[in-house]
Amino acid sequence: MIDVPPTGSPLIVLGIETSCDETAASVVERLPDGAGRILSNVVRSQWEEHRKFGGVVPEIAARAHVSCLDLLIGEALAGSGRSLAELSGVAATAGPGLVGGLVVGMVTGKALAMASGKPFVAVNHLEAHALTVGLTEGLRAPYLLLLVSGGHTQLLLVRGVGVYERLGTTIDDALGEAFDKTAKLLGLGQPGGPAVERAARSGDPARFAFPRPLSGRADAHFSFAGLKTAVRRKAIELVPLTDRDIADLCASFQAAAMEAVTDRVGRAMELAEQRLGPGAPRRLVVAGGVAANATLRARLDALVRSRGYSLHVPPAALCTDNGAMIAWAGAEHLARGAVDDLSAPARPRWPLDQNAPAAIGAGVKA
Ligand code: KG4
Ligand code: ZN
């Protein structure tokens with residue numbers, strides 16, 4: 001017998017995240033009025049395991065999740081002061097992500113749900129990022145979401161829980177990936193985003209005129225491969241690189257990337273306004289690891305001011321991958337009576353907007 005909580009009751013949900021290189025578990029409370037509270041939030045990053053390979057190795061990631069997930073869940077439960085029996089449900093990321101890691105989280109979540117007789121919720125990782133502002137500041141749809149991480153670069157119109165329209169996506173690399181690859185090219189450490197941002201601080205963003213990919217186009221898609229190639233070409237031309245060259249390359253790359261992103265967000269704002277009609281609230285939410293970038297924040301600040309929008313960015317620990325966002329998305333589903341079957345599969349590809357047409361060309365990320 002599964003003990004499904006009656007509608008309108010307070011919910012306490014355990015969330016498990018294993019879709020990429022962070023193992024995370026968290027317990028979150030959702031009150032009947034829709035307010036949320038984090039009772040515990042434990043994250044273990046695997047960067048050390050992947051460092052020498054210069055990127056995330058799926059097999060190593062899966063093993064690392066196996067080795068610590070049970071401990072992390074134990075810590076999350078202990079930290080929340082709640083027992084398994086006191087939970088209303090268990091949520092785990094079902095996708096999109098690396099299949100090995102997803103399976104680890106799903107199997108663990110299902111086993112806990114089965115053993116305790118609690119409902120299980122299979123959570124879409126992108127939806128969890130999209131709904132985090134409901135937990136952090138009680139923000140309700142509609143809003144425009146810019147999701148910029150190592151694996152995803154998307155613009156989504158969030159119309160309500162479960163109702164998403166994808167307005168833009170990358171046709172090649174994700175933004176965080178472009179930062180990571182630039183860092184690798186220039187011999188900076190990983191994760192590359194913070195390393196490039198640090199080096200860029202003392203650099204000249206105007207020294208190199210790198211392309212602003214897709215800027216000015218009528219759609220709201222992204223592309224970073226051409227920019228990455230331009231940086232590589234310039235770096236090869238300059239070899240041997242001085243510290244000044246590296247700083248200038250980073251600053252010029254960052255300026256180009258963020259200017260391109262801001263152009264695309266501006267276009268998505270117009271598309272969102274067309275969809276929602278006049279009088280709809282104008283709100284931009286930013287999520288994903290790249291949201292920590294100060295240049296991006298400054299550019300988006302200027303953009304929202306010029307367009308009459310408000311800007312909402314969850315605290316850094318909830319912008320990057322974490323268990324609280326999974327628990328919260330699970331709670332939002334449970335509050336609506338949505339429960340998944342224990343046969344729910346891991347879904348390495350799971351676009352939020354199933355109707356989104358393919359972007360330009362091949363290799364479009366969901
Ligand atoms: O959301 P996230 O923590 O995880 C996954 O993508 O799984 O995002 C990590 C990405 C990495 O590519 C990292 O280099 C990038 O976010 N990142 C940044 C900054 N901090 C993290 N990129 C640019 N500037 C930053 N300050
Ligand atoms: Zn993520």
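Order of listing sets the numbers, starting from 1, for every ligand and every atom in it. Residue numbers count from 1 along this sequence.
- Within ligand 1, the atoms closer than 4.0 Å to a non-hydrogen atom of Gly151 are 6 (O), numbered from 1 in the order shown.
- Counting backbone and side-chain atoms alike, His152 contributes no N/O/S atom closer than 2.8 Å to the Zn ion (ligand 2).
- Considering both main-chain and side-chain atoms, Asn293 comes within under 3.5 Å of ligand 1 through a nitrogen or oxygen pair.
- Between Asp248 and the choices Arg207, Arg201, Lys234, the salt bridge (charged side-chain N to carboxylate O under 4.0 Å, His left out) rule is met once, by Arg207.
- Under a 4.0 Å criterion applied to the non-hydrogen atoms of Asp180, ligand 1 contributes the atoms 11 (C), 12 (O), 13 (C), 14 (O).
- When the N, O or S atoms of Asp321 are ranked by distance to the Zn ion (ligand 2), OD1 comes first.
- At under 3.5 Å, a nitrogen or oxygen of Asp321, whether backbone or side chain, sits near a nitrogen or oxygen of ligand 1.
- A donor-acceptor pair shorter than 3.5 Å can be found between the side chains of His312 and Ser310.
- Checked by distance only, ligand 1 and Gly289 come closer than 3.5 Å through their nitrogen or oxygen atoms.
- A distance of 8.0 Å separates CG in Leu72 from CZ in Arg44, rounded to the nearest 0.5 Å.
- Of all atoms in ligand 1, numbered sequentially from 1 with element shown, those under 4.0 Å from a heavy atom of Gly176 are 12 (O).
- The neighbour count for Arg232 CZ, taken as heavy atoms of other residues, nucleotides or ligands under 6.0 Å away, does not exceed 12.
- The ligand atoms of ligand 1 that sit less than 4.0 angstrom from a heavy atom of Thr320 are 1 (O), 3 (O).
- Here Val290 has heavy atoms under 4.0 Å from ligand 1 in both its backbone and its side chain.
- For ligand 1 and Glu197, the ligand atoms under 4.0 Å from any heavy atom of the residue are 25 (C), 26 (N).
- Under the 4.5 Å side-chain criterion, counting only non-hydrogen atoms from C-beta, Val13 is not in contact with Val27.
- The shortest N/O to N/O separation between Gly150 and ligand 1 falls below 3.5 Å.
- Residue His129 has no nitrogen or oxygen atom sitting less than 3.5 Å from a nitrogen or oxygen atom of ligand 1, judged on distance alone.
- Partner of Leu146 under the side-chain contact (heavy atoms from CB on, under 4.5 Å) criterion, chosen from Val285, Val261, Leu175: Val261.
- The shortest N or O to N or O distance between Gly193 and ligand 1 is under 3.5 Å.
- In summary, Cys20 places no N/O/S atom under 2.8 Å from the Zn ion (ligand 2), failing the contact criterion.
- Interface of Gly288 with ligand 1, defined as ligand atoms under 4.0 Å from a residue heavy atom, comprises 1 (O).
- In this model, no donor atom of one side chain and acceptor atom of the other lie less than 3.5 Å apart for Ser252 and Gln254.
- Around the CZ atom of Arg233, the shell of radius 6.0 Å holds no more than 12 heavy atoms that belong to other residues, nucleotides or ligands.
- Taking both residues in full, the closest heavy atoms of Val123 and Ala128 are given as CG1-CB, 4.0 Å, listed atom of the first, atom of the second, then distance.
- Ligand 1 has no nitrogen or oxygen under 3.5 angstrom from a nitrogen or oxygen of Phe179.
- Contact of the Asn293 side chain with the Phe179 side chain is registered, since non-hydrogen atoms from C-beta on lie closer than 4.5 Å.
- Arg212 has no carboxylate O lying under 4.0 Å from a charged side-chain N of Asp263, or vice versa, which leaves the two without a salt bridge.
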